[in-house]
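Side-chain atoms are counted along with the backbone in the values below, which use heavy atoms only and exclude waters and symmetry mates.
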Amino acid sequence: MAISVIMSVYNERPEQVQQAVDSILKQTYLPMEFVIVLDNSERSDLKELLTDYDNRVEMIKLVCNHQNLGLAASLNKAIELSNCELIARMDADDVSASKRLELELEALKTRGLDLISGNIAYLDEHGEVVGEKSAIPEAERLIQKILPYGSTIIHPTVLMRKTAVQQVGGYRLLPTAEDYDLWLRLLAGGFKIGSINQRVLHYRLRGNSMTSNAWQTYLVSRYIQQLYAERKRTGADSFGHDLPTLAEKINDTRAQSMFNRGQKHFTLAMASLRKRKLGQALVALVRAMVTSPDNCYYVINYLRLRTIWTINGHRYR
């Protein structure tokens with residue numbers, strides 16, 4: 001089955017982009033094409049690097065946006081320009097393991113999935129491995145139960161069917177978590193989502209990563225979950241209608257400060273659980289929940305996810 005790899009480049013370091021591109025060119029199962037969108041017209045160094053790849057490597061197709069469109073719009077453009085039935089995501093500062101596409105394709109075909117995700121190891125800014133992500137749920141039925149409460153799908157590892165993505169409308173323009181919105185729309189559309197626990201990608205941790213803004217990620221994820229519930233009830237959702245209100249909430253610095261304070265307690269609770277200090281963990285969780293209604297919702301949602309995983313994890317393996 002033919003694979004198109006898609007990647008958006010914005011403000012990454014040239015050496016990191018080079019590592020990302022080379023990791024795709026060294027796959028044991030080579031893609032038919034590699035569509036790269038440069039979403040920053042001011043980065044002449046990145047344009048020069050990617051143009052050189054475009055001229056030398058037949059599979060690479062470079063597209064340069066005249067103005068910044070953002071990640072979601074750039075990925076939609078790459079999907080539209082792709083010619084293969086399968087789409088593999090790649091981030092411009094990550095590094096794919098050499099067997100990534102081979103492993104994901106085999107799992108997707110064998111299990112009859114529409115989307116497959118893999119697990120990751122973590123890189124720091126200097127390219128040093130600094131840890132591994134814990135196990136993620138693999139089975140389709142388990143992910144189907146967990147996904148409405150939080151995403152265990154790792155965006156830059158995903159291999160998915162182009163027709164499925166197009167059928168639900170591709171990525172939608174959100175301040176963050178565009179991928180989570182897509183996964184829930186695929187789920188609501190009856191498409192099959194699974195994972196493998198092989199670490200198929202080295203994921204680079206960056207201080208300015210979008211995922212570092214816990215308040216924004218929480219609010220957008222909650223909005224996405226509400227859209228999913230609406231879609232399940234009525235067959236459609238009211239996406240866009242509440243975006244101005246969402247933006248106001250994101251910019252509420254007092255609420256953000258309260259949420260971040262609660263998140264510190266939650267982080268302490270998780271650390272205590274890993275050390276099996278259950279009493280300390282319980283106290284920290286309670287402190288997190290009473291900090292604000294948003295923290296309470298966050299903790300309850302997390303506990304729902306973990307309970308579902310614990311109860312059903314062995315059943316669906």
Side-chain angles (χ1 to χ4, degrees), residues 8-12 37 39-43 65-77 91-93 125 147-151 153-156 169-185 203-231 236-270 284-305:
S8 176
V9 182
Y10 176 62
N11 206 29
E12 295 80 9
V37 178
D39 194 32
N40 188 344
S41 60
E42 297 181 358
R43 286 293 300 271
N65 292 339
H66 296 299
Q67 60 183 10
N68 175 237
L69 299 181
L71 179 61
S74 294
L75 292 180
N76 284 336
K77 176 183 280 192
D91 273 350
D93 56 355
E125 285 277 18
L147 206 54
Y149 301 103
S151 180
I153 306 302
I154 304 169
H155 193 197
Y171 293 91
R172 300 196 292 197
L173 304 185
L174 286 159
T176 188
E178 303 97 334
D179 55 327
Y180 185 35
D181 176 58
L182 177 57
W183 313 153
L184 285 182
R185 282 182 289 122
Y203 180 92
R204 198 177 304 272
L205 298 171
R206 297 201 295 170
N208 62 346
S209 170
M210 286 287 286
T211 54
S212 66
N213 191 336
W215 173 241
Q216 177 174 264
T217 301
Y218 157 74
L219 285 177
V220 176
S221 296
R222 184 170 179 177
Y223 173 62
I224 289 167
Q225 290 164 356
Q226 291 167 347
L227 292 175
Y228 171 76
E230 182 183 1
R231 199 175 189 90
D237 64 47
S238 56
F239 174 77
H241 179 72
D242 291 327
L243 283 179
T245 304
L246 179 63
E248 289 181 10
K249 290 181 179 178
I250 290 173
N251 292 323
D252 186 338
T253 55
R254 182 179 180 279
Q256 180 178 8
S257 177
M258 293 290 289
F259 183 78
N260 289 341
R261 190 181 309 166
Q263 285 295 290
K264 290 180 181 178
H265 292 302
F266 179 78
T267 301
L268 289 172
M270 295 301 101
L285 272 182
V286 171
R287 286 176 176 172
M289 294 176 73
V290 300
T291 302
S292 74
D294 287 302
N295 288 107
C296 184
Y297 180 91
Y298 180 93
V299 171
I300 290 172
N301 215 44
Y302 173 82
L303 292 175
R304 285 173 179 164
L305 186 155

Next on the checklist: So, using salt bridge (charged side-chain N to carboxylate O under 4.0 Å, His left out) as the criterion, who are the partners of R204 when residues are at least two apart?
Outcome noted: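 R204: no salt bridge (charged side-chain N to carboxylate O under 4.0 Å, His left out) contacts found.
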
Can you tell me if [X] uses its side chain to pair, donor with acceptor, with the backbone of [Y] under 3.5 Å?
| X | Y | answer |
| --- | --- | --- |
| R185 | G170 | yes |
| R43 | E12 | yes |
| N301 | Y297 | no |
| S257 | T253 | no |
| D91 | D93 | no |

Atom pair [atom1]/[atom2] of [X] and [Y] - distance to nearest 0.5 Å:
| X | Y | atom1 | atom2 | value |
| --- | --- | --- | --- | --- |
| I154 | D179 | CD1 | CG | 10.5 Å |
| L184 | D237 | CG | CG | 10.5 Å |
| T267 | N260 | OG1 | CG | 10.0 Å |
| N76 | L173 | CG | CG | 7.5 Å |
| E42 | N11 | CD | CG | 9.5 Å |
| F259 | L219 | CZ | CG | 7.5 Å |

Taking all heavy atoms of [X] and all of [Y], pick out the closest pair and write down the distance.
| X | Y | result |
| --- | --- | --- |
| S8 | S74 | OG-CB, 3.6 Å |
| E178 | A72 | CG-CB, 3.9 Å |
| W215 | D252 | NE1-O, 4.1 Å |
| D39 | G70 | OD2-N, 2.8 Å |
| G150 | Y180 | N-OH, 3.2 Å |

Item to check | Stepwise side-chain hydrogen bond (donor to acceptor under 3.5 Å, both in side chains) check, N295 with S292 | outcome: CA-CA 5 Å; N295 288 107; S292 74; 2.6 Å; yes

Next on the checklist: Within a 6.0 Å radius of atom CZ on R172, are there more than 12 heavy atoms belonging to other residues, nucleotides or ligands?
Outcome noted: yes

Next on the checklist: Determine whether M289 and I300 satisfy the following criterion, side chain to side chain contact (heavy atoms under 4.5 Å, CB included), listing intermediate values before the conclusion.
Outcome noted: CA-CA 8 Å; M289 294 176 73; I300 290 172; 3.8 Å; yes

Next on the checklist: Run the side chain to side chain contact (heavy atoms under 4.5 Å, CB included) test on V37 and L69 for me, step by step, so that the C-alpha distance in whole Å, both residues' side-chain angles and the decisive distance to 0.1 Å come before the verdict.
Outcome noted: CA-CA 10 Å; V37 178; L69 299 181; over 6 Å; no

Item to check | Evaluation steps, side chain to side chain contact (heavy atoms under 4.5 Å, CB included), between N65 and K77 | outcome: CA-CA 10 Å; N65 292 339; K77 176 183 280 192; 2.7 Å; yes

Next on the checklist: Just to verify, what does Y10 make a ring pair (Phe, Tyr, Trp, His ring centres under 6.0 Å) with, not counting sequence neighbours?
Outcome noted: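 For Y10, no residue satisfies ring pair (Phe, Tyr, Trp, His ring centres under 6.0 Å) once neighbours in sequence are set aside.
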
Next on the checklist: Holding to ring pair (Phe, Tyr, Trp, His ring centres under 6.0 Å), I want the full list of residues that pass it with H155, two or more places apart in sequence or in another chain.
Outcome noted: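 Once residues adjacent in sequence are excluded, the partners of H155 under the ring pair (Phe, Tyr, Trp, His ring centres under 6.0 Å) criterion are Y171, W183.
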
Checklist entry - Pick from T245, D181, L243: which one makes a side-chain contact (heavy atoms from CB on, under 4.5 Å) with Y223? => result L243

Checklist entry - In terms of side-chain heavy atoms, does Y218 have a donor or acceptor partner in D294 at a distance below 3.5 Å? => result yes

Item to check | CA sep, side-chain torsions, deciding dist, call: R261, K264, side chain to side chain contact (heavy atoms under 4.5 Å, CB included) | outcome: CA-CA 5 Å; R261 190 181 309 166; K264 290 180 181 178; 5.6 Å; no

Next on the checklist: Is the shortest side-chain heavy-atom distance between V220 and K249 below 4.5 Å?
Outcome noted: no

